[in-house]
Amino acid sequence: MDAPLVLTTRLDPNEIDKEAHNIDVGWSYPLEFYDATLEYKHPRDIEGVMDQVARRIGSALQYEGFGYTHDTSDIAEGPTESAYKTLETMMDKMNAQLELARKIRAVDTRDVVSRVITKHFLPDMIGNLKSFSSQSLRCTKCGAKYRRIPLIGRCYCGNKLTLTVHEKSVKKYLEISKEIGEKYDLDPYTQQRIAIVEESMNSLFESDKIKKCKLSDFM
Ligand SMILES: [Zn+2]
């Protein structure tokens, strides 16, 4: 889903992302592999028996003879559009992932929730909260950027200025984090971290002097 930043015409397997060197390209898995799974061995411990791209670097085999275990009639077969695009809201995406986690016996759903929140949602929210208060402003008409709001309160071309980081994007993951955090009964530490982030957001976006009330608040 990311746009390419650099295009290379000549690929040297030694120079590509090291992550791709971990792909196993054997035609079958040896018995040692299955034995190791029963002992919960660390993948690194059985690297020696697996045919990985990393071991082929520098030889002619780095380009050819890649094995696979499941054949296909068309290499381009598969979903043409990722579920990340077809599912609209963040809530839909998260629920779809958790539904899948629930179906797979080997996956601990609560652990998935905990990881998504601590590794993805919380850092994103904390990062956006910081960039919101140190953001620059942009003119919608002439495109000029300002590190600080000019004293005249608008762009020098006369047009209004707009924010580059919006409240909506800062709060994007807050509701979903709170909801799944409660639903899956996450540990108090993580739940409290979410609560602290929420407090920080309220402190930034809501005025202490003007409190919005509904009629029902008085009854
Ligand atoms: Zn302008």
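The neighbour count for Glu19 CD, taken as heavy atoms of other residues, nucleotides or ligands under 6.0 Å away, does not exceed 12. Within 6.0 Å of CG in Leu61 there are more than 12 heavy atoms belonging to other residues, nucleotides or ligands. Counting non-hydrogen atoms of other residues, nucleotides and ligands closer than 6.0 Å to CD of Glu77 gives a total above 12. Applying the 6.0 Å contact sphere to NZ of Lys18 captures more than 12 heavy atoms from other residues, nucleotides or ligands.
Residue Glu81 holds its CD atom at 6.0 Å from OG1 of Thr86, rounded to the nearest 0.5 Å. In this structure, CG in Leu186 is found 11.5 Å from CZ in Arg193, a value given to the nearest 0.5 Å. Distance check, rounded to the nearest 0.5 Å: CZ of Arg110 to CD1 of Ile180 gives 12.5 Å. Distance CD1/Ile176 to CE/Met94: 6.5 Å, rounded to 0.5 Å. The CD atom of Glu198 sits 8.0 Å away from the NZ atom of Lys171 when rounded to the nearest 0.5 Å. Atom CD in Glu64 sits 9.0 Å away from atom CZ in Arg56 (nearest 0.5 Å).
Listed here is the closest heavy atom pair of Cys155 and Ile152: O-CD1, 4.0 Å. Contact record, Gln52 with Asn22: NE2-O, 3.1 Å, taken as the closest heavy-atom pair. Residues Ile16 and His21 share a closest heavy-atom pair of CG1-NE2, 3.7 Å. Minimum interatomic distance between Leu11 and Pro13 (heavy atoms only, all atoms of both residues): O-CD, 3.7 Å. Residues Leu87 and Lys93 come closest through the heavy atom pair O-NZ, 3.1 Å. Nearest heavy atoms, Ser177 versus Ile117: O-CD1, 3.7 Å.
If you chain together hydrophobic residues whose side chains sit under 4.5 Å apart, Ile196 and Ile194 never meet in one group. One hydrophobic cluster holds both Leu100 and Met90 under the rule that ILVMFWY side chains link at heavy-atom gaps under 4.5 Å. Clustering ILVMFWY residues whenever any of their side-chain heavy atoms sit less than 4.5 angstrom apart, transitively, puts Leu31 in a cluster other than the one holding Leu38. There is a path of hydrophobic side-chain contacts, each under 4.5 Å, that joins Phe121 to Val165.
Residue pairs meeting the side-chain hydrogen bond (donor to acceptor under 3.5 Å, both in side chains) criterion with at least one partner in residues 121-131, sequence neighbours excluded, are Asp124-Asn128. Sorted by first and then second residue, the pairs that involve residues 31-64 and meet ring-ring contact (aromatic ring centres under 6.0 Å, His included), not counting sequence neighbours, are Tyr29-Phe33. Sorted by first and then second residue, the pairs that involve residues 175-219 and meet ring-ring contact (aromatic ring centres under 6.0 Å, His included), not counting sequence neighbours, are Phe132-Phe205.
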Would you please test Glu47 and Arg44 for salt bridge (Lys or Arg N to Asp or Glu O under 4.0 Å) and show each step?
CA-CA 5 Å; Glu47 252 177 5; Arg44 209 174 296 133; 5.6 Å; no
For the pair Glu179 and Met91, evaluate side-chain contact (heavy atoms from CB on, under 4.5 Å) and give the outcome as yes or no after the intermediate values.
CA-CA 9 Å; Glu179 195 179 313; Met91 200 72 101; 2.9 Å; yes
Decide yes or no on side-chain contact (heavy atoms from CB on, under 4.5 Å) for Thr162 and Leu137, but give the supporting numbers first.
CA-CA 6 Å; Thr162 175; Leu137 292 105; over 6 Å; no
Walk me through it: do Val53 and Gln62 pass the test side-chain contact (heavy atoms from CB on, under 4.5 Å)?
CA-CA 7 Å; Val53 171; Gln62 69 182 357; 6.0 Å; no
Evaluate the salt bridge (Lys or Arg N to Asp or Glu O under 4.0 Å) criterion for residues Asp35 and Lys41: first the C-alpha distance (whole Å), next the side-chain angles of each, then the deciding distance (0.1 Å), finally the verdict.
CA-CA 9 Å; Asp35 284 339; Lys41 273 196 183 164; over 6 Å; no
Test Lys145 against Arg138 for side-chain contact (heavy atoms from CB on, under 4.5 Å), laying out the working first.
CA-CA 5 Å; Lys145 268 189 160 187; Arg138 189 172 50 83; 4.3 Å; yes
Run the side chain to side chain donor-acceptor pair (under 3.5 Å) check on Asp92 and Thr89 step by step: do they pass?
CA-CA 5 Å; Asp92 294 338; Thr89 67; 3.2 Å; yes
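Counting heavy atoms from C-beta outward, Asp108 and Ser114 have side chains that stay 4.5 Å or more apart. Under the 4.5 Å side-chain criterion, counting only non-hydrogen atoms from C-beta, Ile46 is not in contact with Glu32. Met50 places a side-chain heavy atom less than 4.5 Å from the side chain of Pro30. Counting heavy atoms from C-beta on, the side chains of Leu129 and Met125 never come closer than 4.5 Å.
Side-chain atoms of Asp217 come within 3.5 Å of backbone N or O of Lys214 as a donor-acceptor pair. Looking only at distances, no side-chain donor or acceptor of Asp24 sits under 3.5 Å from a matching main-chain atom of Gly26. In this structure, the side chain of Asp187 engages the main chain of Thr190 through a donor-acceptor pair within 3.5 Å.
In summary, the side chains of Thr140 and Asn159 do present a donor paired with an acceptor at a separation below 3.5 Å, with no hydrogens or angles considered.
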